[in-house]
Amino acid sequence: MSPLERGALWWERFTSQPLYVLAAMLALLVVYTMGVYRKQMWFMLKSLRRNLLRSILTSLATVVLVLVVTLVWSILYFLDKATSEKAKDLKAIVTERWQIPSQMPFAYAASLSEGAAARPTDVRPDDNMTWQFYGGTIDPGKRTRENTVFFFCMDPRKLLTMMDGLDELTLQERSDLDHAIDVMVKDKRKVVIGKDRLAAMKKRVGERIKVTSLNYKDIDLEVEIIAEFPDGRYNQSAIMNRDYLNDAMDDYNAKQKAKGLPTHPLTMKSLNLVWLRVPDTDAYQRVADQIMSSSLYSSPAVKCETASSGISSFLDAYRDLLWGMRWLLVPSILVTMSLVIANAISISVRERRVEMAVLKVLGFSPGQIMALVLGEAILIGGLSGAFSSGATYVLINQVAGGLKFPIAFFPAFLIPEDALWWGPMIGIGTAVAGSFFPAWSARTVKVSDVFSKIS
Amino acid sequence: MGLEPIVRVRNLHKYFLRGSEQIDVLNDLSLNVPEAEFLALMGPSGSGKTTLLNLIAGLDQPSEGEIWVGEHLISGMSEAQLARWRTRHVGFVFQFYNLLPVLTAYENVELPLLLLPLSSAERKRQVLTALDLVGLSNRLSHRPGQLSGGQQQRVGIARAIVTDPTLIVADEPTGDLDARSAEDILNLLVELKDGLKKTIIMVTHDPRAASRAERVLHLEKGQLVHDTAHASW
Ligand SMILES: Nc1ncnc2c1ncn2[C@@H]1O[C@H](COP(=O)(O)OP(=O)(O)OP(=O)(O)O)[C@@H](O)[C@H]1O
Ligand SMILES: [Mg+2]
């Protein structure tokens with residue numbers, strides 16, 4: 001993508017979010033106001049500097065509280081996003097109905113991939129993908145996390161069309177991956193592994209490895225690594241042609257039969273997931289109905305969900321926790337912040353009653369005096385908030401590599417870019433809430449009360 | 001220059017309510033102050049001098065009566081109107097200077113100008129002129145804490161005149177100063193009157209300060225009486 005295209009894309013995304021546009025306009029307004037009223041800003045800054053300790057403590061409290069809110073909101077933000085339905089081009093997951101982990105007979109694969117469409121009027125999915133999990137170690141003598149690898153066994157041709165996040169590749173990455181897929185289709189022994197996993201196993205592209213299986217006991221496979229995934233979310237992943245696993249299973253069972261021994265325990269249980277892509281929620285609903293009402297899947301029974309409804313039902317276990325975070329923790333932090341600011345500002349207003357009266361004598365209107373007090377609070381709240389969310393963003397995303405909060409199957413949460421404006425907004429919002437009454441009392445200071453000796 | 005006095009106070013009443021009790025401070029008070037006069041107000045403590053000064057400076061509203069300053073009827077203005085009017089038309093000098101401690105001498109003097117639509121160059125010129133007039137051109141970046149009482153009061157005067165008001169009101173401007181500094185401040189006020197034709201109303205307890213004024217009035221029982229010591233008035 002050229003920089004120009006990238007810029008245009010960014011602009012389009014930016015302007016499609018009314019909240020972003022609003023925030024940008026607000027930021028411009030703030031910058032403009034700061035330009036026009038720079039002397040007043042200077043005065044506010046100096047006033048804040050007068051009781052430096054109090055200002056620093058207030059600021060620190062704001063920083064810490066904004067940090068907590070940013071972390072909590074980041075988690076809620078990602079969960080909300082993951083559970084909110086994409087109305088178009090959504091993916092459905094078919095799994096075993098009553099059991100986790102899901103284990104279905106591979107015989108289900110063909111019809112499930114068609115969405116159990118039987119009659120001509122039935123809806124067929126646009127695309128599909130089957131997943132079979134095959135895990136093993138390259139050092140059966142001494143298995144460790146490092147020498148263990150889990151393969152998604154699938155039709156390699158579905159890699160580009162059905163896997164998430166592979167649509168943002170550069171042309172070079174894409175053609176490399178295309179080539180690898182061709183090779184995998186021709187030779188089922190070839191596999192693609194992510195670079196971090198390779199590094200952990202101390203293996204490179206081009207090497208052959210012998211995998212001693214953990215879940216498919218006695219079905220050990222020898223594979224050749226022909227490529228690694230493009231850098232990104234698949235750095236820990238590995239994929240294999242499903243034919244290799246299925247053929248190996250058939251061979252094993254043929255030999256067992258010849259010896260009069262039972263078949264492999266996973267024979268009827270080797271299909272873990274089927275992914276279906278449907279154009280819209282309507283199509284999804286019909287495909288789901290077709291599958292649920294089909295007589296093909298009775299033992300075991302299956303269920304069909306969208307990715308987000310799957311996550312939602314998973315998150316149900318955490319519902320109270322999340323509800324508490326959203327509706328108890330965050331509001332109480334916001335109230336605390338307002339109180340901290342209210343306390344600091346009202347002390348400073350009380351200390352400066354005479355000063356406020358002097359400003360009035362000089363011709364400052366009640367509104368202007370109120371604005372000065374609010375401005376001080378907004379300055380300290382906004383700056384602390386901006387600093388806090390900015391630092392959180394950099395520290396969590398760049399330094400710590402995400403927030404490790406084990407909920408559902410999300411390994412880590414990243415602080416979204418949106419957080420960069422949550423910080424200043426929270427800071428300013430709580431500052432206004434907290435300083436409103438102190439500012440109002442500054443506004444109503446009566447000059448004649450301050451300067452006459454009331455006997 | 002009109003012959004009409006610049007400050008015209010007509011039948012002024014001011015009372016305060018303390019609970020159900022009404023405290024009459026100013027009682028049917030009338031006063032004319034011609035342009036470019038230096039007037040001193042004296043009177044016992046609690047006689048209402050500050051109250052009168054505040055009313056003339058538009059810091060408070062009378063209970064009854066009218067106050068005119070120039071062509072403005074200030075007794076009829078709202079609080080916001082008064083604030084705007086004060087910026088341009090009155091300079092206030094306090095007994096305890098009341099400079100803002102966080103700002104430098106320069107910034108303190110600049111403060112009232114921030115309320116006017118001036119370019120920063122104009123602002124700078126006016127601040128420097130005012131500080132030059134009070135003889136503090138070499139103390140621009142000092143903060144009040146780094147200045148003597150007399151110097152602080154001169155900054156206070158510079159702040160009062162920086163917007164070029166016609167009327168300057170001063171409430172015991174020498175009350176907190178030693179004799180030497182008080183003398184300097186009084187000289188400065190006389191200079192403002194003589195050189196710049198400012199109208200000055202000063203409240204004072206100090207007969208020596210009052211003697212520098214052209215006219216001295218005494219406030220007694222809520223009304224003004226002429227100073228018998230000044231035969232010319
Ligand atoms: N805001 C107010 N509320 C109630 N009473 C007031 C108020 N301002 C002044 N007074 C009363 O009005 C009277 C006059 O007060 P004022 O401050 O004008 O006296 P003053 O002549 O300036 O005294 P001093 O020489 O001590 O400064 C006093 O009795 C005072 O208590
Ligand atoms: Mg007084």
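Just so we're on the same page: letters track the sequence lines, and every chain starts at 1. No experiment lies behind these values; they were computed from the predicted model shown. Quick note: numbers below take in every heavy atom, side chains included, and nothing from hydrogens, waters or symmetry partners.
Between B/Trp85 and B/Val69 there is a side-chain heavy-atom pair separated by less than 4.5 Å. Side-chain contact between A/Ser384 and A/Val66 is absent, with no heavy atoms from C-beta onward closer than 4.5 Å.
With a 4.5 angstrom heavy-atom cutoff, A/Tyr37 does not touch chain B via any of its atoms. For B/Leu111, the parts lying under 4.5 angstrom from a heavy atom of chain A are both the backbone and the side chain. Both the backbone and the side chain of A/Val361 come within contact range of chain B, judged by heavy atoms closer than 4.5 Å. Using a 4.5 Å cut-off between heavy atoms, B/Phe94 touches chain A through its side chain atoms alone. Both the backbone and the side chain of B/Asn98 come within contact range of chain A, with heavy atoms under 4.5 Å apart. Neither the backbone nor the side chain of B/Ser78 comes within contact range of chain A, judged by heavy atoms closer than 4.5 Å.
Options B/Thr87, B/Thr163, B/Val102, B/Val90 differ in how many heavy-atom pairs under 4.5 Å they form with chain A, and the most are formed by B/Val102. Of the listed residues B/Glu110, B/Arg88, B/Lys49, the one with more heavy-atom pairs under 4.5 angstrom with chain A than any other is B/Glu110. Taking chain B as the reference chain and counting heavy-atom pairs below 4.5 Å, the highest number among A/Lys446, A/Gln368, A/Lys360 is found for A/Lys360.
Counting non-hydrogen atoms of other residues, nucleotides and ligands closer than 6.0 Å to CG of A/Leu52 gives a total above 12.
Ion pairing of A/Lys46 with B/Glu107 is present here, as a side-chain N (NZ or NE/NH1/NH2) and a carboxylate O approach within less than 4.0 Å.
Taking the ring axis of A/Phe43 as reference, the NZ or CZ atom of A/Lys39 does not stay both within 45° of it and closer than 6.0 Å to the ring centre.
Listed for the B/Gln146 side chain is a donor-acceptor partner under 3.5 Å among the backbone atoms of B/Arg143.
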Dump the intermediate steps for salt bridge (charged side-chain N to carboxylate O under 4.0 Å, His left out) on B/Asp24 and B/Lys221, then the final yes or no. CA-CA 9 Å; B/Asp24 290 294; B/Lys221 298 194 191 92; over 6 Å; no
